[in-house]
Amino acid sequence: MAEAMQELVYFDLRTVHDHFDRALLQEDDIDMKYYLEAYNELYKFFQLMGSVFSFVSSDLKQKIEHLQSLIEKDQDNYVSVKRMIEHEKENKLLQKSDFINGARTLLRLHRGLDFISEFLRQLGELSDSDSTSTVCQEAYNKTLAKHHPWLIRKTAVVAMYTMPNRGTLFKKVCGENVQRNIDILPKMLDVTSDVISRTHTVYEIHELHSLS
């Protein structure tokens, strides 16, 4: 029983792929519910990696839960990324000091997704004996580091030196399902790239990439 329960916490790229695939709506929009379900699976990856990814995982769960709460309270206006941003702009919620808006919260998740997608892409090009430390640093510097202050950047890079080789990493986060995850990785990266691109474009159109 204990072993069965432990298996449930492992990371599954098929789940990420399927939820992100369902999140791709017509008219280049993103379904919020499926986006967050995919992100909940990605969060397992950060958890299983432990403190090495604390620079990105520390408040991910809180952000996911906040957006889920907004959806539960107002399904019509938080059904998709486009509708959420239009709603919050029209009602001046982006400037409201006593309201944690969804647009800013999702932007943080979007930046984290850009990082993990780039890291997984580079992992896919390694052999099992290759170190993951350098590619993780490269992925971080290319994405999230641009949005972090110096102290967090320094702490993150130092933590990455402790990362294992690819084979050990996949075993740690995927358990016995390593090959299943490796097989679906290219398709997962393709659909995730579409999600990232669409989200980026929506924020670009509304000039919201500078939200802080």
Side-chain angles (χ1 to χ4, degrees), residues 9 11-13 15-17 19-21 23-24 30-71 78 80-81 84-85 100-124 132-133 135-160 163 169 172-173 181 185 188-204 208-212:
V9 305
F11 177 59
D12 184 20
L13 281 173
T15 300
V16 177
H17 169 275
H19 286 315
F20 274 147
D21 191 45
L24 295 172
I30 302 290
D31 183 286
M32 289 286 292
K33 177 176 177 289
Y34 284 121
Y35 180 99
L36 294 176
E37 287 183 359
Y39 223 113
N40 264 320
E41 188 65 27
L42 286 170
Y43 180 64
K44 291 181 185 178
F45 180 92
F46 295 117
Q47 283 186 305
L48 290 163
M49 286 301 297
S51 61
V52 67
F53 276 167
S54 61
F55 66 92
V56 63
S57 66
S58 57
D59 61 349
L60 275 186
K61 193 65 175 175
Q62 182 181 4
K63 288 176 169 51
I64 293 170
E65 290 175 348
H66 176 65
L67 287 169
Q68 288 173 329
S69 176
L70 291 175
I71 293 171
Y78 288 90
S80 74
V81 173
M84 174 185 71
I85 290 177
I100 303 175
N101 64 71
R104 182 177 286 105
T105 304
L106 182 66
L107 182 59
R108 302 296 187 273
L109 296 183
H110 171 67
R111 291 169 177 171
L113 180 59
D114 197 18
F115 160 68
I116 191 61
S117 176
E118 177 62 20
F119 177 47
L120 289 172
R121 183 190 67 77
Q122 294 197 42
L123 277 186
T132 62
S133 175
V135 296
C136 189
Q137 290 175 22
E138 289 176 357
Y140 176 69
N141 288 330
K142 186 177 178 180
T143 57
L144 264 181
K146 294 183 272 187
H147 310 289
H148 284 166
W150 179 86
L151 184 57
I152 292 179
R153 294 199 306 270
K154 181 67 174 178
T155 302
V157 170
V158 169
M160 291 174 199
M163 294 182 66
L169 186 151
K172 182 174 183 178
V173 300
N181 280 274
L185 180 58
M188 176 268 176
L189 290 173
D190 283 344
V191 73
T192 302
S193 177
D194 286 344
V195 170
I196 291 172
S197 178
R198 288 188 185 193
T199 307
H200 184 90
T201 298
V202 174
Y203 276 80
E204 196 169 54
L208 293 178
H209 277 293
S210 61
L211 276 176
S212 58

Any [X] side-chain heavy atom under 4.5 Å of [Y] side chain:
X	Y	result
Leu151	Thr155	yes
Met84	Met32	yes
Met163	Phe53	yes
Leu169	Phe45	yes
Pro149	Ile152	yes
Tyr203	Ser210	no
Ile116	Phe46	yes
Val56	Tyr140	no

Restricting to side chain to side chain contact (heavy atoms under 4.5 Å, CB included), what partner residues turn up for [X], sequence neighbours left out?
X	value
Ala159	Val52
Arg198	Leu24, Asp28, Ile30
His147	Arg111
Lys154	Trp150, Val158

Keeping the roles fixed (side chain from [X], backbone from [Y]), state whether a donor-acceptor pair exists under 3.5 Å.
X	Y	answer
Thr143	Ala139	yes
Glu41	Asp12	yes
Asp21	His17	no

Please give me the minimum heavy-atom distance between [X] and [Y], naming the atom from each residue.
X	Y	value
Leu211	Arg108	O-NH1, 3.6 Å
Met188	Val16	CE-CG1, 3.5 Å
Tyr39	Gly112	OH-C, 3.4 Å
Leu185	Leu120	CD2-O, 3.7 Å
His209	His110	CE1-NE2, 4.5 Å
Ser117	Ile196	CB-CD1, 3.8 Å

Please identify each residue that fulfils ring pair (Phe, Tyr, Trp, His ring centres under 6.0 Å) with Phe20, with sequence neighbours left out.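 Expected list: Tyr35.
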
List for me each residue that meets side-chain hydrogen bond (donor to acceptor under 3.5 Å, both in side chains) alongside [X], sequence neighbours excluded, and say none if there are none.
X	answer
Thr105	none
Tyr43	none
Ser80	Asp29
Tyr78	Glu88

To the nearest 0.5 Å, what is the distance between [atom1] ([X]) and [atom2] ([Y])?
X	Y	atom1	atom2	result
Ser57	Leu42	OG	CG	12.5 Å
Leu107	Leu208	CG	CG	8.0 Å
Leu189	Gln122	CG	CD	11.0 Å
Met160	Thr132	CE	OG1	10.0 Å
His200	Ser193	NE2	OG	12.0 Å

Go through it in stages, so that I can follow the logic: the residues are Leu106 and Ile85, the test is side-chain contact (heavy atoms from CB on, under 4.5 Å), and I'd like the CA-CA distance, side-chain angles, deciding distance and then a yes or no. CA-CA 10 Å; Leu106 182 66; Ile85 290 177; 5.8 Å; no

Taking only residues two or more places apart in sequence, or in another chain, which ones meet Asp114 in a salt bridge (Lys or Arg N to Asp or Glu O under 4.0 Å)?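 With neighbours one apart ignored, the set is empty.
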
Once salt bridge (Lys or Arg N to Asp or Glu O under 4.0 Å) is applied, do any residues pair with Arg121, and if so which ones, sequence neighbours excluded?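 Testing Arg121 for salt bridge (Lys or Arg N to Asp or Glu O under 4.0 Å), a comparison that skips the adjacent residues, returns Glu118, Glu125.
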
Only pairs under 3.5 Å count here: list side-chain donor-acceptor contacts from residues 60-70, not counting sequence neighbours, and write none if there are none.
| from | atom 1 | to | atom 2 | distance (Å) |
| --- | --- | --- | --- | --- |
| Lys61 | NZ | Asn40 | OD1 | 2.9 |
| Lys63 | NZ | Asp59 | OD2 | 2.4 |
| His66 | NE2 | Ile100 | O | 2.6 |

Show the numbers, then the answer: is there a side-chain contact (heavy atoms from CB on, under 4.5 Å) between Ile71 and Leu36? CA-CA 10 Å; Ile71 293 171; Leu36 294 176; 3.7 Å; yes

